[in-house]
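Below you'll find the structure, written out as structure tokens, and then a few comments.
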Amino acid sequence: MKFETTTVERRWIWYDVGNSAFTMLAATLLPIFFHTLAGDAGVSETDYLAYWAYATSAVTILVAILGPMLGALSDLRGVKIRLFAGSVLVGAVSCVLLGFAVHWLWFLLVFALSKTAYQLSLVVYDSMLCDVTTAERMDEVSAKGYAWGYIGSCVPFIAAVAIYVLYAMLGVLPMVAAAALGCGITALWWLGWTVPLCRVYQQTHYTAPGAHPVREGLRNLGGIFRELTANPKALWFLVAFFFFIDGVYTIIDMATSYGTSLGLDTVGLLVALLVTQVVAFPSALIFGRLSRRVRSEWLIVVCIAAYFAVTVYAAFMTHLYQFWILAVVVGIFQGSIQSLSRSYFAKIIPQDRSGEYFGIYDIFGKGASFTGTLLVGLVTQLSGSQNIGVGVLSVMFPIGLIFFLLSVRTHD
């Protein structure tokens with residue numbers, strides 16, 4: 001049977017098309033622009049990778065602190081869409097400003113602001129899944145979001161890469177102009193796909209505000225941690241998610257900077273990552289359809305095992321063709337593990353408090369990302385080897401698998 005999406009489901013999916021452009025920019029061109037700025041200032045290759053890792057880790061700390069508070073407030077009636085739109089606006093405007101930063105330190109600071117706002121918008125956006133569809137449709141709707149996000153992000157990415165080529169290979173544009181145009185195109189694309197969702201979204205699950213809504217929202221947030229002890233299925237999943245999503249997010253955040261630090265051709269890296277997006281599109285859709293016949297829990301297990309193999313492989317990577325192989329395999333499982341994790345969690349939490357719970361979800365997810373990027377940075381500097389720094393991530397996946405199986409075996 002063909003899966004037909006409703007108008008609100010479709011426009012929710014469209015936001016993934018918009019925000020994924022920023023993900024691509026942050027994972028590909030921004031590390032390259034930063035590499036140029038840092039190199040001009042005399043920053044070494046290992047310090048360049050470490051500083052980028054530290055900046056990414058700082059973002060995860062900020063989001064881990066602000067995300068749950070934002071999520072708790074978003075559960076109040078009529079508040080979710082305003083917090084969502086505000087986060088997107090701050091992220092897009094700072095993305096534009098990022099293109100005009102000419103010193104590596106200012107570049108890192110503006111990058112941190114833009115990515116923090118982007119991640120906060122996702123806290124609210126993910127919780128909207130409970131409002132835009134039903135539990136039976138969540139796996140496929142979530143998968144379609146990631147799938148169309150991957151393929152949709154290719155449009156501004158290709159434009160940004162073309163501009164980068166004019167700078168790097170042809171010398172037609174200075175780097176500042178290339179960065180400004182690339183960031184500006186990405187920000188406009190992001191905003192353009194946000195507006196349709198803002199126009200149709202209705203918050204159907206919410207808590208009624210009291211006399212002091214902010215204070216009550218934060219008080220409720222504290223209660224969730226106590227509630228989780230009575231909901232071991234959700235608790236074990238969150239612990240598992242912390243470990244297995246660590247490697248996923250860190251690979252996304254560090255792929256280009258890792259390849260660049262190894263001295264691999266930057267244009268080749270960008271094309272390989274474009275291949276990742278193209279491969280991820282059908283793969284996420286296939287895993288979404290498989291969820292009709294195979295329990296999503298077992299599909300997540302397959303993805304965890306695949307990512308363990310990816311991180312082991314990455315530890316021995318030295319050539320561009322190996323990066324291409326890595327890009328294809330990552331594309332097969334990247335969107336699938338993210339979309340299935342999002343919908344799995346959405347089905348095991350109270351629907352009227354999805355914002356609060358996805359705020360906690362974000363703590364575990366971004367906390368993992370902080371651990372992963374910080375670990376890569378520290379191990380790289382201590383060992384003097386980028387391969388060892390990335391390879392250390394592999395230990396996270398077996399641990400995550402053990403806790404995930406505990407969640408699966410726990411009854412609601």
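Sequential numbering from 1 along the given sequence is applied to the chain's residues. Computed from a prediction, not measured in an experiment: that's the story for all the values here.
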**Request:** Inspect the contact between Lys144 and Asp16 and indicate whether a charged nitrogen and a carboxylate oxygen are less than 4.0 angstrom apart.
**Result:** no
**Prompt:** For Glu297 and Leu340, what are the C-alpha separation, side-chain angles and deciding distance, and is it a side-chain contact (heavy atoms from CB on, under 4.5 Å)?
**Reply:** CA-CA 8 Å; Glu297 292 92 325; Leu340 291 169; over 6 Å; no
**Request:** Give, for atom CG of Leu83 and atom CG of Leu73, the distance between the pair rounded to the nearest 0.5 Å.
**Result:** 6.5 Å
**Message:** Looking at every heavy atom in both Ala234 and Ile348, which two are closest together, and how far apart are they?
**Reply:** CA-CD1, 3.7 Å
**Item:** Test side-chain hydrogen bond (donor to acceptor under 3.5 Å, both in side chains) applied to Gln334 and Tyr150, step by step
**Value:** CA-CA 10 Å; Gln334 181 172 288; Tyr150 283 124; 2.9 Å; yes
**Distance-only polar pair, side chains of Asp126 and Tyr361, donor-acceptor under 3.5 Å** = no
**Message:** List the residues meeting ring pair (Phe, Tyr, Trp, His ring centres under 6.0 Å) with Phe308, not counting sequence neighbours, and say none if there are none.
**Reply:** none
**4.5 Å side-chain heavy-atom contact, Leu120 and Val124** = no
**side-chain hydrogen bond (donor to acceptor under 3.5 Å, both in side chains) partners for Arg289, two or more places apart** = none
**Prompt:** Any sub-3.5 Å donor-acceptor pair from Thr133's side-chain atoms to Leu129's backbone N or O?
**Reply:** no
**Message:** Between Phe111 and Phe34, is there a side-chain heavy-atom distance shorter than 4.5 Å?
**Reply:** no
**Item:** Contact list for residues 50-69, test salt bridge (charged side-chain N to carboxylate O under 4.0 Å, His left out), sequence neighbours left out
**Value:** none
**Request:** Return yes if some donor-acceptor pair links the side-chain N/O of Ser114 with the main-chain N/O of Val110 below 3.5 Å, else return no.
**Result:** no
**Item:** Student check: side-chain heavy atoms of Val155 and Trp189 closer than 4.5 Å
**Value:** yes
**Asked** If every non-hydrogen atom of Pro31 is compared with every non-hydrogen atom of Ala26, which pair is closest and at what distance?
**Response** CD-O, 3.3 Å
**Under 3.5 Å donor-acceptor, Gln119 side chain and Gly67 backbone** = no
**Prompt:** Between Val279 and Val330, is any pair of side-chain heavy atoms under 4.5 Å apart?
**Reply:** no
**Request:** Apply side chain to side chain contact (heavy atoms under 4.5 Å, CB included) to Val302 and list each qualifying residue two or more places apart in sequence or on a separate chain.
**Result:** Phe333
**Message:** Measuring centre to centre across the rings, with the benzene-like ring taken for any Trp, is Phe237 within less than 6.0 Å of Tyr344?
**Reply:** yes
**Asked** Residues in side chain to side chain contact (heavy atoms under 4.5 Å, CB included) with Ala240, at least two apart?
**Response** Phe244, Phe403, Phe404
**Prompt:** Which residue pairs pass the ring-ring contact (aromatic ring centres under 6.0 Å, His included) test when at least one of the two sits in residues 112-137, sequence neighbours left out?
**Reply:** Trp12-Tyr125, Tyr15-Tyr125, Phe22-Tyr118, Tyr118-Trp190
**Close side-chain approach of Leu30 and Trp52, heavy atoms under 4.5 Å** = yes
**Request:** Carefully, step by step, assess Ser127 and Lys80 under the rule side-chain hydrogen bond (donor to acceptor under 3.5 Å, both in side chains).
**Result:** CA-CA 9 Å; Ser127 73; Lys80 187 163 290 187; 3.2 Å; yes
**Request:** Answer yes or no: is there a side-chain heavy-atom contact under 4.5 Å between Ile81 and Met128?
**Result:** yes
**Message:** I'd like to check Ser339 versus Phe287 (side-chain heavy atoms, cut-off strictly below 4.5 Å). Are they in contact?
**Reply:** no
**Request:** Mark yes or no for whether Lys233, through its side chain, and Thr410, through its backbone, hold a donor-acceptor pair below 3.5 Å.
**Result:** yes
**Complete:** Here the gap from Thr134 atom OG1 to Met138 atom CE, rounded to the nearest 0.5 Å, amounts to 7.0 Å
**Prompt:** Are the side chains of Cys198 and Thr194 in touch, meaning some heavy atoms are under 4.5 Å apart?
**Reply:** yes
**Request:** Report the C-alpha distance between Arg295 and Val408 in whole Å, list the side-chain angles of each, state the deciding distance to 0.1 Å, and finish with yes or no for side-chain contact (heavy atoms from CB on, under 4.5 Å).
**Result:** CA-CA 10 Å; Arg295 290 179 60 186; Val408 172; 4.2 Å; yes
**Request:** Applying side-chain contact (heavy atoms from CB on, under 4.5 Å), run through Val96 and Cys183 and close with a yes or a no.
**Result:** CA-CA 5 Å; Val96 172; Cys183 291; 5.9 Å; no
**Asked** Given the rule in the side-chain contact (heavy atoms from CB on, under 4.5 Å) test, do Leu197 and Trp14 qualify, once you have shown the distances and angles that lead to the verdict?
**Response** CA-CA 8 Å; Leu197 175 59; Trp14 287 354; over 6 Å; no
